[in-house]
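Shown next, in C-alpha coordinates, is the structure this report addresses.
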Amino acid sequence: MSQSFEFYQERAEAAAKEAKAATLDNVRERALRSESAWREMADRARETDRERKIADKARAERREAEALAAQQRATAAAAIEATEPAE
(Lines give C-alpha, C1' and ligand atoms only; values in the text may rest on other atoms or scores of the structure.)
Protein backbone atom coordinates (compact mmCIF):
# COMPACT_ATOMS: atom_id res chain seq x y z
CA MET A 1 0.00 0.00 0.00
CA SER A 2 1.52 3.30 -1.00
CA GLN A 3 1.40 6.24 1.32
CA SER A 4 0.95 9.86 0.40
CA PHE A 5 3.46 12.67 0.56
CA GLU A 6 1.34 14.31 3.23
CA PHE A 7 1.50 11.21 5.46
CA TYR A 8 5.28 11.05 5.26
CA GLN A 9 5.58 14.79 5.80
CA GLU A 10 3.40 14.61 8.92
CA ARG A 11 5.53 11.80 10.32
CA ALA A 12 8.70 13.81 9.63
CA GLU A 13 7.25 16.82 11.46
CA ALA A 14 6.29 14.63 14.43
CA ALA A 15 9.82 13.20 14.56
CA ALA A 16 11.27 16.73 14.41
CA LYS A 17 9.08 17.77 17.35
CA GLU A 18 10.17 14.68 19.26
CA ALA A 19 13.83 15.52 18.61
CA LYS A 20 13.35 19.10 19.75
CA ALA A 21 11.65 17.99 22.96
CA ALA A 22 14.11 15.18 23.74
CA THR A 23 16.35 15.61 26.76
CA LEU A 24 18.45 12.52 26.13
CA ASP A 25 21.02 12.59 23.33
CA ASN A 26 20.23 9.09 22.11
CA VAL A 27 16.51 9.85 21.92
CA ARG A 28 17.20 13.10 20.04
CA GLU A 29 19.52 11.32 17.59
CA ARG A 30 16.99 8.55 17.00
CA ALA A 31 14.25 11.11 16.32
CA LEU A 32 16.51 13.03 13.94
CA ARG A 33 17.32 9.83 12.03
CA SER A 34 13.62 9.08 11.89
CA GLU A 35 12.86 12.58 10.63
CA SER A 36 15.48 12.19 7.90
CA ALA A 37 14.07 8.84 6.82
CA TRP A 38 10.49 10.18 6.73
CA ARG A 39 11.58 13.20 4.67
CA GLU A 40 13.34 10.92 2.18
CA MET A 41 10.17 8.84 1.85
CA ALA A 42 8.14 12.04 1.37
CA ASP A 43 10.48 13.18 -1.38
CA ARG A 44 10.24 9.80 -3.12
CA ALA A 45 6.44 9.82 -2.85
CA ARG A 46 6.28 13.31 -4.36
CA GLU A 47 8.63 12.30 -7.21
CA THR A 48 6.67 9.10 -7.87
CA ASP A 49 3.44 11.09 -8.05
CA ARG A 50 5.02 13.59 -10.46
CA GLU A 51 6.31 10.79 -12.70
CA ARG A 52 2.93 9.05 -12.61
CA LYS A 53 1.19 12.23 -13.78
CA ILE A 54 3.68 12.61 -16.64
CA ALA A 55 3.17 8.97 -17.68
CA ASP A 56 -0.63 9.30 -17.48
CA LYS A 57 -0.51 12.37 -19.71
CA ALA A 58 1.72 10.59 -22.25
CA ARG A 59 -0.62 7.57 -22.30
CA ALA A 60 -3.65 9.80 -22.84
CA GLU A 61 -1.90 11.64 -25.69
CA ARG A 62 -0.88 8.32 -27.28
CA ARG A 63 -4.46 6.98 -27.06
CA GLU A 64 -5.78 10.17 -28.61
CA ALA A 65 -3.26 9.93 -31.47
CA GLU A 66 -4.13 6.27 -32.05
CA ALA A 67 -7.85 7.07 -32.12
CA LEU A 68 -7.25 9.89 -34.61
CA ALA A 69 -5.13 7.61 -36.82
CA ALA A 70 -7.83 4.92 -36.75
CA GLN A 71 -10.46 7.49 -37.68
CA GLN A 72 -8.31 8.74 -40.57
CA ARG A 73 -7.77 5.17 -41.83
CA ALA A 74 -11.50 4.53 -41.71
CA THR A 75 -12.21 7.76 -43.59
CA ALA A 76 -9.60 6.91 -46.23
CA ALA A 77 -11.00 3.38 -46.62
CA ALA A 78 -14.52 4.75 -47.03
CA ALA A 79 -13.30 7.24 -49.63
CA ILE A 80 -11.57 4.47 -51.62
CA GLU A 81 -14.63 2.27 -51.39
CA ALA A 82 -16.85 5.12 -52.63
CA THR A 83 -14.69 5.64 -55.73
CA GLU A 84 -14.54 1.96 -56.72
CA PRO A 85 -16.99 0.92 -59.43
CA ALA A 86 -19.94 -1.21 -58.32
CA GLU A 87 -19.95 -4.79 -59.51
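Everything numeric here is computed off the predicted structure, so don't read it as measured data. The residues of the chain are indexed from 1 along the displayed sequence.
For the atom pair CD (Glu35) and CZ (Arg33), the distance works out to 12.5 Å, reported to the nearest 0.5 Å. Atom OG of Ser36 sits about 9.5 Å away from atom CE of Met41, to the nearest 0.5 Å. Rounding to the nearest 0.5 Å places CD of Glu40 at 12.5 Å from OH of Tyr8. Rounded to the nearest 0.5 angstrom, Arg30 CZ and Asp25 CG are separated by 12.5 Å. The distance from atom CD of Glu64 to atom CZ of Arg59, rounded to the nearest 0.5 Å, is 15.0 Å. How far CD of Gln9 is from CG of Asp43: 8.0 Å, rounded to the nearest 0.5 Å.
Scored by the side chain to side chain donor-acceptor pair (under 3.5 Å) test, Arg50 finds Glu47 as partners (sequence neighbours excluded).
Between the Thr48 side chain and the Arg44 main chain, a donor and an acceptor come within less than 3.5 Å of each other.
Across all their heavy atoms, Ala12 and Arg39 have their closest contact at CB-CG, 3.5 Å. Nearest heavy atoms, Ser34 versus Ala15: OG-CB, 3.9 Å.
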Arg52/Asp49 under side chain to side chain contact (heavy atoms under 4.5 Å, CB included): CA gap, chis, key distance, verdict = CA-CA 5 Å; Arg52 183 177 295 120; Asp49 186 49; 4.2 Å; yes

What's the verdict on side chain to side chain contact (heavy atoms under 4.5 Å, CB included) for Arg28 and Thr23, showing C-alpha distance, side-chain angles and the deciding distance?
-> CA-CA 7 Å; Arg28 185 178 312 102; Thr23 55; 5.6 Å; no

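Atom CD of Gln71 sits in a sparse spot, with 12 or fewer heavy atoms from other residues, nucleotides or ligands closer than 6.0 Å. By the neighbour-count criterion of 12 heavy atoms within 6.0 Å, atom CD of Glu81 is sparsely surrounded, having that number or fewer from other residues, nucleotides or ligands.
Taking a cutoff of 4.0 Å between a charged side-chain nitrogen and a carboxylate oxygen, Lys53 and Asp56 do not qualify as a salt bridge.
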